[in-house]
Structures are given as structure tokens and as C-alpha cells.
2 protein chains.
Amino acid sequence: MTVPANLKQVARAAGVSPATVSRVLNAAPNVARETRLRVERAIEGLQYQPSRVARRLRTQDRPGQMIGLLVPDIQNPFYVEVVRGVEDRAYAHGCGVMMCNFAQTEEKEHFFLDILRHERVDGLILAPARPDDRKVMEVVRSGIPVVCVDRGLKDADVDMVVVDNMEGARAAVEHLIGLGHRRIAHVAGLPQIPSTSERLDGYYAAFEAAGLTPDAALVRHGNSKHESGRDLTAELLDLPEPPTALFTGNNLITLGALETIHRRGLRIPQDVALVGFDDMYWAISLNPPLTAVSQPGYEIGRRAADLLFQRVAEPDRPPAKVVLKTTLIVRQSCGANSR
Amino acid sequence: MTVPANLKQVARAAGVSPATVSRVLNAAPNVARETRLRVERAIEGLQYQPSRVARRLRTQDRPGQMIGLLVPDIQNPFYVEVVRGVEDRAYAHGCGVMMCNFAQTEEKEHFFLDILRHERVDGLILAPARPDDRKVMEVVRSGIPVVCVDRGLKDADVDMVVVDNMEGARAAVEHLIGLGHRRIAHVAGLPQIPSTSERLDGYYAAFEAAGLTPDAALVRHGNSKHESGRDLTAELLDLPEPPTALFTGNNLITLGALETIHRRGLRIPQDVALVGFDDMYWAISLNPPLTAVSQPGYEIGRRAADLLFQRVAEPDRPPAKVVLKTTLIVRQSCGANSR
DNA sequence: ATGAAAGCGCTAACAG
DNA sequence: CTGTTAGCGCTTTCAT
């Protein structure tokens, strides 16, 4: 149980004042070469490393080399991609990332938000549990730099990086309609999440563009997780007049839907076609290879981190909204309607 | 840009000294009911929340409600399960989790380890990049509570939660041998990771138990990621005398192997059989449903967090080693060898 | 039961 | 260029 050396000990060892050590640590220009060398040798000798805690406590302006990342659901591979994008940029800046997963639970989101705020992180990247989240808006108003990813925040001028969900969903459903499907169900996510309603809008837009009338009974909302895909798909397939195609609202829902379809021994696309929002690199290895709307997750994370570092450096720059495009990847889970 | 209230302001508002506010905050027994109420009202009124940074700086003994979690690869669903187990327990303790992903890179591991250490977290849960990792051993020796998951640490008396990798691998390969396979390849992970060599041992043990001689050319090591599964499987299938079955060393490798097999239009299990280490809840939705060795990831995380909180409370308890069992889940990716 | 005062490890004025 | 001094926000003796 060795107690780590502190700055004062380094100062003593180098025969200088604590202030000078601090200057060396922060690469201040006004230190004599000779002195700097002596201090550096003392740092080496004592294996000294500054306490990040003390530094964050004292420093107000200069960033503390730590950002917070609040993820809605770490089980969702899409967010994992976002995380990787953020991490890579942060690492390139020598900046730590405090990542917390709130598992689509507002209560947990608030818990971690409090922690992150009181840890005095330099900035926050998050996907709000809901667009009118009082707590998140409070945090934004408190002045800490925030970048929203995947979902925006109502009435808040904040940086955000999102995708064009409506276009992505429309493309997916138009693809199904083009293949002759008419009874197309949509297994949607949590209703309060903006991306859910945007994707629903895209679903309706595709019907409208084709001059078709959607059946409201074919749209179901769940909790955006695996089990909702599994259970809602079962409900839909149990309908007297079941859908011939499914459009699933995210990654996890897609996987849940696949589980139900396979457990029932149904064939895709002959018995039911499937197109999912969110691609996964192993979608080709699913049965059958999945047709999906691909979001640039890594890019979203990268851009969000860039925006955050920019804002930390220049707090008064006007908020930016980056909208990235989705791509429909056609594989083999749709096919022509054979009924 | 509102500056949050501090303890001094609360003291002033309540007409007491800072020390008393601190006592209320820490639920000290010796505060008059009347005083406590006044302080609590002031806290409410000012929306005061203590600074975790200042608290961690000052406090030595009492835990600071923050643990660190260092994950080898957040893209691997197995570690995601571990993360969830840790998080759930931490949340139940009102404790924050600082999670960092080092992406199987020793350099990143050291970077985050430094950060976590200098953040003065109460304890650390990690899967060391290598069993003889100097830096990790240094951290352990420095006295901060550490629990290793998935992989141990050489020559260090430290709590750990692992699975019986050798038995898991042996069961998988025996299953293949039982189905008539003889040319069974093993796409292994990073050689320096203990689980890699333990699984390799299991692979050899199965051959030995069956009185068979393994072909060294059929064992390949990669970086434990998706691309290594993809590329090494391609190499193996290009052999003059290719394997009839594949045993993949983890989740990501399995997915990579599937990609190669599907791209080549080969059938599983007729052309090549496949059993993977690590199950995924959507393994049933793969083509074909995957036979896999299942590890209790969530349970590993849960137990590790329990061990850590125990150790924080009782630093001198002797180190515990928890070994959990794996389960072979037989689905349809093996089948009888038809060649 | 409460307050005064010292100090955790560091940074930032201000002198010199 | 370098040292002295005063805190950041909190906890913790030691008095009272």
C-alpha cells in the first residue's frame, strides 16, 4: 500500500517551489531549461503522476481531460459503434472517457447524469432518454458543453449529430412495397424517442407515396429492446390476417423478431419478409442475410467528439446540427411476396 | 452558465458551520434533529449537490462511490454481458462506474489504467491485456482493490472471476469428434491471453482423450477480433486438405468465420461444421443456429462487483477465486460429417 | 452538539 | 524566471 508521491515532494526533491513543478507539468513557457530538467528528473525518480482529482478541483477554465458519455443501451451494437467513434477521438486528444450505460431507463440516466456533472467532466455526449428531459435540459443550461447523438433535445440550442431517420425508414418500406408487399407491419421502439417517431413517419410516408393506406393495427410500440421485438412479432404473426412483411425499428428489435420467426419455423422471405433499421457487420451471417438500413455509427461518434472538443475550445460558437445519411443494404431477407 | 452552490453557501443559508453541513451530508449521528432539518431545507432550496471531486480529494478511507471497469473489447457481446452485471450491482450500491474500453491494446489499457488510478476510484474490475502485465501488477501492489475477470494475473494474489475454459473447449471439440470429425481446426485468439491457451489446452485434451493426433497446421492465432476470424478461416479453407470442422475461440471470431463461409457459399454443417466459444442470445437466428459454448457473462460481472465491494469493505480478506462453468448449447451448426 | 481551523494536491495571482 | 500566498470544495481533528 504505497502512497503515491505528490507535487510537493517533487518540488523538494528538485529543490524548487511547487509552483515551478506545476509550470513544468503544464508546459508553461517561462521555465529555464536547466530547472525543467531538474524537475523532470525528480518526476522520473519519484515516479510522480499528478492527481487528476486535485487538478479538476482547482482548474476552472482549462479542460480536465475527461469527457462523459451517456449511452442508452450498451447491448445495442449501434451504440457500441458510436462509443468506438467517441473513444478513438478522445484517445487521440489524450482525453479520458467516462462511459455510462443507462439501459433506456430514465432513472438511471438521471443518476449517471448527476454523477458526471458532479465529477466536473469537461463535456458530455449523450442520447437523451426523452426529448423533453428536464434534467438534461437543466444540465445544458448549467453551461457544461453537451453534444446530443442519435436523438435531439427539444427547445435546447445544443450541438447534435443525428441521421435522417425518416428517409431511412421510407427507403426500407418503399423497398418492401416495390416487391409487392402490402401488409407491412412496423415493430417500433419506445414512443418517446424522436428516432422512433421519425422512423414511423418514414413508414407512413412510403405508404402515402405509393397511394396505399396503412393498417394501424400493424404498428406496435415496445421498449426498443430484444424482448419487445420477440414478443410484438409474435403478436403480429398471430393476427387473423398476419403481415407479409416486417419493418423493425432497430437492431435489437430485429434480432428479437428473427428469434420468433425462427422458433416458429417460418421461412424468410417466403412466409414473412424482413427489413431492419440498423445494419450489423455480421448481418450477412444471419439466416437469411439481412436487408437493413445502415447508420454510420462510428462516424456519428467521431463527429460528436469533434464537436465537443470544438465547443470546449470555443464555448460561444453557434450550435451545429449534423445530419448524416443512411444506406439501404439489400441482402436476402425481403424477396417478392409469394402469397 | 450558473455556478452550482457549494457547501459554504449552504452553511451560510442554514446559519450553521460548514462542518455541520458536512455532518448532515455524511449522516453523522451527532447532529440535533432541529439543525439537521434546517440544513436539509437549505440544501433543497439551493439545489445543492456535493462535489464528488472535492470529496474524493479529501477523503482517504470512506469509499468515493466510484469504481473503474476496464474492458478488453466492448464490441464483444460477452464483455457487454459482464458490463451489465457489474453495472447492475454498482447501481444497487449507488455507486458510479467509470467504464473504459481498451480494445485489446496494451497501450490503451495503460492509458486508461493511469487515468482510473489517478481518479482515485475505490476499486477496479479489469481483464488484463496479458497475465504478466507490469502496469496492472504495479496497480495491484499500490493497494487499490482489484478484481480480475475472464483472465487472471500471474504472481498476484488478487480476486478473480473466471470460467473453466479448458472444460468448455474440450466439450466443444469432443462434440465434433463424436460426430465423426477428425480434421478439426481451431481459430484461436491472442496467444498472450490466458483464456486463449486454456481453450487450446481443451482442444488438445479432447484429441488426446479420443486417441487422435491433432494437426498443428490446423491451429491459427489471431487478434481475437472479427477480422481474424474472417481471415484465418479463409486461410484454413484454402488448405490443400481443408478442415471439416471449425472450433472458433470467441464470439467475434465466430462471426468472422461465418462471414467467410457464407461469402464462399459453403453450407454449414455439410461443407464445414462450426462450434464457437461464447453464446449470443441471437445465436438461434444465425444461419444455421449456432452450436456454442455458453459463458455466464452477466453472472461473472455480478460476482466481480460483489467481490470488489466486499474487498473495499474488508481489505484484508484473503483473495477469492471464483470459477464458473460453461455450457455447451447444441443447435445445428455441427451435424454429422458427410465427407 | 457545534464551530474553528487545518489541509487533501494542485493551480494561479502577484511579487520579486 | 522563480517563489510566496491564497484558495478550489470538502472532511476531519480538536476545542468548546
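The analysis underlying the following values was restricted to heavy atoms, covering all of them including side chains, and did not include hydrogens, waters or symmetry mates. So you know, we letter chains A, B, ... as the sequences are listed, proteins then strands, and number each from 1.
Listed candidates were dC10(C), dA12(C), dG3(C). Nearest to the side chain of V16(B) is dG3(C). Here the nucleotide nearest the side chain of A19(A), chosen from dC10(C), dA12(C), dA4(C), is dA12(C). If you check dT2(D), dT2(C), dC8(C) against the side chain of N30(B), the one that comes closest is dT2(C).
The CZ atom of R89(B) sits 12.5 Å away from atom CG of L308(B), with the distance rounded to the nearest 0.5 Å.
Contacts of A32(A) with the nucleic acid, taken as non-hydrogen atoms under 4.0 Å apart, involve only primed sugar atoms and P, OP1 or OP2.
At least one donor-acceptor pair closer than 3.5 Å links the side chain of T59(A) to the backbone N or O of R55(A). Side-chain atoms of R311(A) come within 3.5 Å of backbone atoms of R317(A) as a donor-acceptor pair (strictly under, hydrogens ignored).
Using a 4.0 Å cutoff on non-hydrogen atoms, the parts of residues 35-51 of chain B near DNA chain C are T35(B), ordered by number.
Between N6(B) and dG9(D), a side-chain N or O to OP1/OP2 separation shorter than 4.0 Å is present. Phosphate proximity of dT11(D) to R55(B): present, with a side-chain N or O under 4.0 Å from OP1 or OP2. In this model, the phosphate group of dG3(D) is approached by a side-chain N or O of T20(A) to a distance below 4.0 Å at OP1 or OP2. Residue N26(A) has a polar side-chain atom (N or O) positioned under 4.0 Å from OP1 or OP2 of dT11(C).
Residues L37(B) and R41(B) meet the side-chain proximity criterion, which asks for heavy atoms closer than 4.5 Å.
Partners of Q104(A) by side chain to side chain donor-acceptor pair (under 3.5 Å), not counting sequence neighbours, listed by chain and number: R151(A).
Between the side chain of R58(A) and the base of dG9(C), no donor-acceptor pair under 3.5 Å is found.
Heavy-atom neighbours of D157(A) CG from other residues, nucleotides or ligands within 6.0 Å: at or below the threshold of 12.
Mapping L25(A) and R23(B) onto DNA chain C via the closest heavy atom, the residue that lands nearer the 5' end is R23(B).
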